[in-house]
Amino acid sequence: MAEALPTTVAAPEERPAAAGPRTFDVRDPATGALVGTYPNHTAAEVDAAVARARAASDWWQQLGFAERARRLDRWRGEIARGASELAALVRAEMGKPRADAQLEIAMAAEHLRWAARNAERVLGPRSVPAGLLTINHAATVEYLPYGVVGVIGPWNYPIFTPLGSLSFALAAGNTVVFKPSEFTPGVGLWLKQAFDRVVPERPVLQTITGLGATGAALCRAGVGKIGFTGSTATGRKVMAACAETLTPVLMECGGKDALVVAPDADVAAAADAAVWGGLSNAGQTCLGVERVYVHRDVYDEFVSRAVTLARSVQAGPGGAIGPITMPRQVEIIRAHIADALARGGRALLGGSDAIDGRYVQPTILIDVPEDSTAVTEETFGPTLTVTRVDSMDEAIDLVNASAYGLGASVFSRRHGPDIARRIRTGNVAINAFVAFATIPSLPLGGIRESGFGRVHGADGLREFTYPHAVTRQRFRSPLPLTTFTRGPRTDALVGRLIGLLHGRA
Ligand code: NDP
């Protein structure tokens, strides 16, 4: 049996030369207190982890769908029973309230269950029609695992997001090497240790910890596929590294999601969704609402309701929203607010003095021009821009003008589906926020700068496999086509068949 990676620092003589620091610290973003110290795994250590994963791959595949599903179900049980401890760890590492971390665990468990239960149905062999010219063949297709998949995850939903890749890659029969964000390595290790308890035989899921360079090493380690979730800027680097070895990638990148409020909307519900969608997790949500487009007929009511609701949300220790996890993000939020205000925008709540250290109070901005960075770039803070529109056509054009294309929400009593169909993002929720991310059978992912490929659902399972097409000749063809012994009679018949089969199309 191959050995799992050490989770403490190896002795210096056992370590290959490292370019960066040997370890890194994780600090509670609320207090600055040390939460843990983790190894900064080197490229050689990443390669060794991938080699172990490769050696374990056959064993995991040979277990078959049913046994893998049993193990994944038991993993789900471990996660559920440890939910309280896990939520506390999420809070300590990245700062969100424990109740929000618990919500994340609940959602992740649903996807894990779905992946385990549906992998065989979606990926198992199935017969497909062979067609007239090849009627003597049986044709089947099945979806086979890549072998080893590398998963690179972000810190903002350190359970829900990586599990969207881990659950589906594992259920499909891959072994996985997982690189969590440097802000949440403890959560990544916790998940791996829980997995080890239900799959003790082989290192089917390994967690490597480290900084960006460790992730870059994983891209170059010869895995079958990389499942990346993170910012668009890092996504570009990941793709460039993967291009060197033609390693396929799944890109779950950033967003600038909009919420559209039609004149026939339930305005109270829309305001509630916009405020939760924009402020929860301190706005550090890829699918978070950052822009709101409201029809002029309901604009005043919407703004008044949103401001009232948002005023009751406090960022601070024990508040409804926690600190900004990444120190450098605070300056980006500050710059976006400043840009909006400098270009004629107004803050109805929060604004330039909303930032105090790592805490950012809810900020609602109106009259912000569409070319302000507060509208064009991912802010990743508890801010909303609210823009009045004259028509739903205008709202749709503005939503679609974004370089991003991850998700959107539409509030309308009668026209939701019509509006949703015209919005060019990977996902749209009508009369709700983000419902599509919780429904396990729906694919989740973006277009344009939000990435490509899908997690969740049947598409999410296929994402970590390749289609394997097999034919079996059942009897000799009366019309042998692929042979030099083919005669003029066959050629004439083929000529007639082309006319018969396709000539009238
Ligand atoms: P980053 O892009 O900063 O990091 C993502 C991961 O990539 C981290 O594990 C990071 O490691 C790693 N990494 C950094 N540099 C490299 C490199 N050169 N090669 C390989 N890996 C590297 O994103 P964040 O962690 O800040 O997460 C927030 C972003 O994620 C937001 O843009 C958000 O929208 C997006 N996101 C998208 C989701 C989706 O479903 N589309 C879901 C959740 C988040 P390290 O932390 O050590 O630097």
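Both counts, for ligands and for their atoms, begin at 1 and track the order of listing.
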Task: Which residue and heavy atom of the protein sit nearest atom 26 (O) of ligand 1, plus the separation - done: Trp155 NE1, 2.8 Å
- [ ] Going by heavy-atom distance to atom 38 (C) of ligand 1, choose the closest among Cys286, Gly451, Gly255, Gly212.
- [x] Cys286
TODO: For ligand 1, indicate whether the residue Tyr157 contacts it via side chain, backbone, both or neither (heavy-atom separation under 4.0 Å).
DONE: neither
Task: Shortest protein contact, atom 35 (C) of ligand 1 (heavy atom only) - done: Gly230 O, 3.3 Å
Task: For ligand 1, the portion of Ser450 having any non-hydrogen atom under 4.0 Å away - done: neither
- [ ] Say whether Glu252, considering both its backbone and side-chain N or O atoms, lies within less than 3.5 Å of an N or O atom on ligand 1.
- [x] yes
TODO: Provide the number and element of each atom of ligand 1 under 4.0 Å from a heavy atom of Gly210.
DONE: 47 (O)
TODO: Could you pull out the closest heavy-atom pair between Gly322 and Tyr359, with the gap in Å?
DONE: C-CE2, 3.6 Å
Task: Mutual orientation of the aromatic rings belonging to Trp75 and Phe195 [parallel < 30°, tilted 30-60°, perpendicular > 60°] - done: perpendicular
- [ ] Answer yes when Glu104 and Lys96 have at least one side-chain N-carboxylate O distance shorter than 4.0 Å, and no when they do not.
- [x] yes
TODO: Measure from atom 8 (C) of ligand 1 to every heavy atom in Ala240, Pro154, Gly153 and give the option owning the shortest one.
DONE: Gly153
TODO: Considering heavy atoms of the protein only, find what lies nearest to atom 12 (C) of ligand 1 and give residue, atom and distance to 0.1 Å.
DONE: Ile152 CG2, 3.7 Å
Open item on the list: Starting from atom 32 (O) of ligand 1, what is the nearest protein heavy atom, named by residue and atom, and what distance separates them?
Closed with: Glu378 OE1, 2.7 Å
Open item on the list: Show me which atoms of ligand 1 lie under 4.0 Å from any heavy atom of Gly215.
Closed with: 19 (N), 20 (C), 21 (N)
Open item on the list: If the threshold is 4.0 Å, N to carboxylate O, is there a salt bridge linking Arg91 and Asp28?
Closed with: yes
Open item on the list: Quiz question: by atom type and distance under 3.5 Å, do the side chains of His111 and Ser167 form a donor-acceptor pair?
Closed with: no
Task: Test log, rule side-chain contact (heavy atoms from CB on, under 4.5 Å), inputs Arg291 and Thr387 - done: CA-CA 8 Å; Arg291 306 176 287 154; Thr387 304; over 6 Å; no
- [ ] Mind telling me whether Tyr146 and Tyr466 have parallel, tilted or perpendicular rings, with 30° and 60° as the class edges?
- [x] tilted
Open item on the list: Looking only at protein heavy atoms, which one is nearest to atom 22 (C) of ligand 1, and what is the separation?
Closed with: Thr234 CG2, 3.5 Å
Task: For atom 23 (O) of ligand 1, the protein heavy atom that lies nearest, with its residue and separation - done: Ser231 N, 3.4 Å
TODO: Report yes or no: does a heavy atom of Gly445 sit under 4.0 Å from some atom of ligand 1?
DONE: no
TODO: Report yes if the distance between the aromatic ring centroids of His41 and Phe178 is under 6.0 Å, otherwise no.
DONE: no
Task: ligand 1 versus Ala233: contacting region, heavy-atom distance under 4.0 Å - done: neither
Open item on the list: What I want to find out is whether Arg81 reaches Glu78 closely enough, with some N-O distance under 4.0 Å, to be called a salt bridge.
Closed with: yes
TODO: Answer side chain, backbone, both or neither: which part of Thr285 comes under 4.0 Å from ligand 1, heavy atoms only.
DONE: neither
TODO: Please check if any side-chain donor atom of Tyr38 sits under 3.5 Å from a side-chain acceptor atom of Thr23, or the reverse.
DONE: no
Open item on the list: Applying a heavy-atom cut-off of 4.0 Å, say which part of Gln284 lies close to ligand 1: side chain, backbone, both or neither.
Closed with: neither
- [ ] Within a distance under 4.0 Å of any heavy atom of Pro180, pick out the atoms of ligand 1 and give their elements.
- [x] 9 (O)
- [ ] Have a look at ligand 1 and work out which part of Phe228, if any, has a heavy atom under 4.0 Å from it: side chain, backbone, both or neither.
- [x] side chain
- [ ] If you have a sec, work out which protein heavy atom is nearest atom 45 (P) of ligand 1 and how many Å separate them, to one decimal?
- [x] Glu182 OE1, 2.9 Å
- [ ] May I ask you to identify, for Leu406, whether its side chain, its backbone, both or neither come under 4.0 Å of ligand 1 on a heavy-atom basis?
- [x] side chain
Task: Sub-4.0 Å heavy-atom approach of Met326 to ligand 1 - done: yes
Open item on the list: I'd like to know if Arg343 pairs up with Asp371 as an ion pair, taking the criterion as any Lys NZ or Arg NE/NH1/NH2 lying under 4.0 Å from an Asp or Glu carboxylate oxygen.
Closed with: yes
Task: Chi angles and distances behind the ring pair (Phe, Tyr, Trp, His ring centres under 6.0 Å) call for His456, Phe464 - done: CA-CA 11 Å; His456 303 172; Phe464 295 105; over 10 Å; no
Task: Protein heavy-atom partner closest to atom 11 (O) of ligand 1 - residue, atom, separation in Å - done: Lys179 NZ, 2.9 Å
Task: Pair Lys256 + Glu449, salt bridge at N-O below 4.0 Å - done: no
